[in-house]
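Single-structure report; data block below.
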Amino acid sequence: MAIQRTLSIIKPDATERNLTGSINARFEQAGLRIIAQKRLHLTRAQAEKFYEVHKDKAFYDSLCEYMSSGPVVAQVLCGEDAVAQNRKIMGATNPANAEIGTIRRDFGQSIEHNAVHGSDSPENAQIEISFFFSQLEIVE
Ligand code: IDP
Ligand code: MG
């Protein structure tokens, strides 16, 4: 498997509960390296743009409101098979269905307030990484 990059976001429910370090430890323990990271507060318009693929879903409005409700930490993770590896560490979208020991199972509060975002394919990872970061901000 190749070395990949993926976009991760620590969501407002997790930054609010001061879980940034605990979540980052999960990535590092699993062998992923944080090669870029910044804390920011998305505007509603930025959240709408980031989640545009979901614009026809019933949860889109609520999701965009939530993702712009407080600070997030955007990060680029790098490592072996990083996209799938991060999805595995995160666990299923709904924390109630996520495996024990995953971030969402341990830290998520609901299907919406589920602590973290992770890219779902290498192609989307590239698009999502460039949404948040310039080349200068990513240091391997
Ligand atoms: P993912 O984050 O596991 O890739 P997606 O289906 O891409 O899941 O959904 C994006 C985000 O939208 C989820 O992480 C979650 O915050 C929210 N979401 C997904 N499904 C629902 C739902 O049925 N109700 C409320 N929010 C949802
Ligand atoms: Mg998704």
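When a ligand or atom number is given, it counts from 1 through the structure's own listing order.
Heavy-atom contacts of Arg104 reach the following atoms of ligand 1: 1 (P), 2 (O), 3 (O), 14 (O) (cutoff under 4.0 Å). Of all atoms in ligand 1, numbered sequentially from 1 with element shown, those under 4.0 Å from a heavy atom of Lys11 are 13 (C), 14 (O), 15 (C), 16 (O).
Using a 4.0 angstrom heavy-atom cutoff, Asp120 does not count as in contact with ligand 1.
We find that Glu52 and Lys49 are joined by a salt bridge, their nearest charged nitrogen and carboxylate oxygen being less than 4.0 Å apart. A salt bridge links Glu140 with Arg5: at least one charged nitrogen is closer than 4.0 Å to a carboxylate oxygen.
In terms of protein heavy-atom proximity, atom 20 (N) of ligand 1 is nearest to Phe59 CE2, 3.4 Å. When only non-hydrogen protein atoms are considered, atom 17 (C) of ligand 1 lies nearest to Leu63 CD1, 3.8 Å.
Contact of the Thr20 side chain with the Thr15 side chain is registered, since non-hydrogen atoms from C-beta on lie closer than 4.5 Å. Proximity of Ile89 to Leu32: side-chain heavy atoms (C-beta onward) are separated by under 4.5 Å at one or more points.
The side-chain contact (heavy atoms from CB on, under 4.5 Å) test with Gln4 singles out one residue from Cys78, Ser119, Pro122, and that residue is Pro122.
Annotation: cation-pi pair Lys38/Phe133 present, NZ/CZ under 6.0 Å from the ring centroid and within 45° of its normal.
Under 4.0 angstrom from ligand 1, the non-hydrogen atoms of His54 all belong to its side chain. The parts of Ile111 lying near ligand 1 are both backbone and side chain, judged by heavy-atom distances below 4.0 Å. Residue-level proximity to ligand 1 for Lys57 is absent, since no heavy atom of it falls below 4.0 angstrom. The side chain of Asn114, and not its backbone, has at least one atom closer than 4.0 Å to an atom of ligand 1 (non-hydrogen atoms only; side chain from C-beta on). Counting heavy atoms under 4.0 Å from ligand 1, residue Arg87 touches it through the side chain alone.
Looking at ligand 1, you'll find an N or O of Thr93 within less than 3.5 Å of one of its N or O atoms.
Ring geometry, Phe50 versus His117: the interplanar angle exceeds 60°, so the pair is classed perpendicular (tilted spans 30 to 60°).
Between the side chains of Ser62 and Glu112, at least one donor N or O lies within less than 3.5 Å of an accepting N or O.
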